[in-house]
Participant: 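Below you'll find the structure I mean.
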Protein chains: 2
Amino acid sequence: MMPGRLPREGATFVVLVLAALVGVGLAPGIRAQEVASDDADWRLLGPERTLYMWLPGGRVVIELAPEFAPEHVENIRTLVRERYFDGLAVIRVQDNYVTQWGDPDGERPFGSARAELEAELDRPIGELPFTPLPDGDLYAPEVGYSRGFPVARNPDTGRAWLVHCYGMVGVARDVEIGSGDGSQLYVVIGHSPRHLDLNTTMVGRVVRGMEHLSSLPRGSGRLGFYTADQSKPLIDRVRLGTELPAGERTELEVMRTDSEAFRNWIEARRTRTEEWFVAPGGRVSVCNVPVPSRDPAG
Amino acid sequence: MMPGRLPREGATFVVLVLAALVGVGLAPGIRAQEVASDDADWRLLGPERTLYMWLPGGRVVIELAPEFAPEHVENIRTLVRERYFDGLAVIRVQDNYVTQWGDPDGERPFGSARAELEAELDRPIGELPFTPLPDGDLYAPEVGYSRGFPVARNPDTGRAWLVHCYGMVGVARDVEIGSGDGSQLYVVIGHSPRHLDLNTTMVGRVVRGMEHLSSLPRGSGRLGFYTADQSKPLIDRVRLGTELPAGERTELEVMRTDSEAFRNWIEARRTRTEEWFVAPGGRVSVCNVPVPSRDPAG
């Protein structure tokens with residue numbers, strides 16, 4: 001029963017932030033699951049792929065996924081640059097489902113962003129690296145990780161797509177498949193709603209500050225929308241990493257999902273070696289291997 | 001695009017509370033998934049199986065599972081009757097994992113409750129009804145529903161056990177497998193941590209008021225424990241249904257998981273017929289079919 005140690009030790013990084021997920025101890029005392037890595041196993045979360053959103057509870061950091069939804073990511077960048085989201089609000093928090101933000105009425109002018117985009121539901125497999133999971137999936141022929149994101153693939157169709165794990169960010173839309181434009185986004189805050197896969201355009205993942213989206217009061221209206229008598233959490237501002245002076249960014253690093261360290265991390269999540277487990281498992285699903293990230297500044 | 005209708009219509013119940021889970025609409029407008037049922041498809045949540053817990057945000061209603069953990073459920077009933085939990089607090093909220101409550105130091109006297117119990121990890125299959133899911137599972141040979149709870153089974157060992165879906169309640173323990181006694185409980189508030197299956201004693205499910213547990217501020221300590229400078233949400237009191245006058249209970253009904261209506265509900269979750277879906281699925285996992293409940297009083 002040794003308490004966890006600090007997350008950095010010379011050139012070896014101890015994945016303690018995620019190790020914290022393992023135990024349901026009566027008291028701290030679960031042995032940490034440690035995966036060694038070196039600096040080459042990590043990549044900087046480049047400022048051009050990073051979105052910062054200031055909410056009442058704190059700052060949310062989102063990694064964008066231009067590889068999977070280039071047109072939508074570019075549209076979101078344009079909206080952010082033109083301050084579309086500043087002063088808007090979180091409009092919906094549905095328990096065990098999604099938190100959604102943006103313009104509830106679609107009335108704010110779009111500026112030079114596009115109001116019409118085709119949905120980007122999947123991509124050709126050929127373009128993308130892939131670290132497979134060995135245990136299969138209920139919803140797709142293959143699952144694994146690509147460029148830091150959980151993905152599914154179908155070798156028969158030659159297509160790959162992002163999956164709805166906790167913390168994944170998608171483009172809200174109306175009934176019309178092409179009605180999503182990036183002006184309203186949602187994040188998964190409950191058990192993975194995998195039935196949404198291939199139904200919406202996914203654009204990224206929350207890397208830091210997820211609690212500022214998941215612990216918000218639930219909306220009491222239909223589908224978890226906030227009602228008129230509930231105060232909506234305001235979005236102070238949203239900025240691209242490239243818009244911020246270096247001192248205001250958090251230079252996060254994300255574990256490379258094509259690294260040996262990440263394959264070891266998958267194995268550590270599949271079979272639990274901590275003393276606490278009496279049934280160590282031996283299988284893992286795609287939404288149970290969160291991609292590690294770290295803040296080298298501490 | 002018709003907005004949802006009210007949840008009761010003569011003898012036919014429209015499962016609208018759960019239908020609300022389906023869409024990620026820009027605006028309300030998703031066609032509700034409707035499953036017809038009649039009164040025989042529902043059972044009263046008997047007061048002897050019901051736990052009420054008053055938190056700052058509101059009241060939580062938990063259905064106990066004596067079929068799966070008779071000794072622990074009986075111990076929890078004793079603790080509740082002797083007011084063990086009154087004035088204690090939520091002590092841990094770890095994002096995408098669990099909310100945990102009880103005595104952080106294990107110092108409160110147990111009264112006539114037992115301090116030592118053997119873990120109740122699984123049960124003989126023979127005792128329990130079972131409505132199977134057809135699409136398989138990554139973690140167990142068979143999954144389905146029994147007496148209102150998500151369960152897994154292994155025909156080879158002849159054992160069945162409750163699974164860690166969102167809202168399921170378990171007994172926290174230390175490294176020692178027999179160290180859980182019911183004085184600290186946890187509830188799943190994120191993606192299902194199925195690796196905990198068969199590692200802890202599960203005792204029930206939150207049927208109402210889940211948002212009062214899932215939207216709490218996250219603990220900033222290790223494993224999501226609240227630190228000294230965070231105020232812990234206090235448990236005003238916990239009562240068994242049988243301890244409350246009828247007027248103070250909520251006479252909830254839970255859909256019988258061995259009913260035709262529930263099998264239809266599974267199918268409705270497997271293949272989405274709502275206009276919103278362009279990829280209607282055709283498969284479903286055990287944690288994606290929440291068991292419907294209703295309040296006949298409205």
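Every value quoted in this text rests on a predicted model; they were computed, and no experiment measured them. Naming convention: chains lettered A, B, ... in sequence-line order (proteins, then strands); numbering from 1 in each chain.
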Participant: Hey, which of B:His191, B:Met210, B:Arg270 has the most heavy atom pairs under 4.5 Å with chain A?
Facilitator: B:His191
Participant: Looking at B:Val284, B:Leu198, B:Asp135, which has the largest count of heavy-atom pairs under 4.5 Å with chain A?
Facilitator: B:Val284
Participant: Pick one of side chain, backbone, both or neither for B:Leu216, based on which atoms fall under 4.5 Å of a heavy atom in chain A.
Facilitator: backbone
Participant: Could you state the interatomic distance from CD (A:Gln94) to CD (B:Glu211), rounded to the nearest 0.5 Å?
Facilitator: 11.5 Å
Participant: Using a 4.5 angstrom heavy-atom cutoff, name the option from A:Cys287, A:Gly167, A:Pro193, A:Ser215 with the most pairs to chain B.
Facilitator: A:Ser215
Participant: Report the distance from atom CG of B:Asn288 to atom CZ of A:Arg194, rounding to the nearest 0.5 Å.
Facilitator: 9.0 Å
Participant: For chain A, which of B:Glu176, B:His212, B:Arg218 has the most heavy-atom pairs under 4.5 Å?
Facilitator: B:Arg218
Participant: Using a 6.0 Å cut-off, check whether atom CD of A:Glu267 has over 12 heavy atoms from anything other than its own residue.
Facilitator: yes
Participant: Taking B:Arg173 for its side chain and A:Trp276 for its backbone only, find out whether a donor-acceptor pair lies under 3.5 Å.
Facilitator: yes
Participant: Taking only residues two or more places apart in sequence, or in another chain, which ones meet B:Phe110 in a ring-ring contact (aromatic ring centres under 6.0 Å, His included)?
Facilitator: B:Tyr84
Participant: Suppose we screen for side-chain contact (heavy atoms from CB on, under 4.5 Å). Which residues come up paired with B:Ser231, at least two apart in sequence or across chains?
Facilitator: none
Participant: Take B:Leu138 and A:Leu138, measure what side-chain contact (heavy atoms from CB on, under 4.5 Å) needs, and give me the verdict at the end.
Facilitator: CA-CA 7 Å; B:Leu138 251 66; A:Leu138 252 67; 4.0 Å; yes
Participant: In this structure, are over 12 heavy atoms from other groups packed under 6.0 Å from B:Gln230 atom CD?
Facilitator: yes
Participant: Looking at A:Ser214, A:Gly281, A:Gly190, which makes the most heavy-atom pairs under 4.5 Å with chain B?
Facilitator: A:Ser214
Participant: Donor-acceptor pair, distance only, cut-off 3.5 Å: does the side chain of B:Tyr139 make one with the backbone of A:Ser285?
Facilitator: yes
Participant: What's the separation between atom CZ in B:Phe277 and atom CG in A:Leu196, rounded to the nearest 0.5 Å?
Facilitator: 5.5 Å
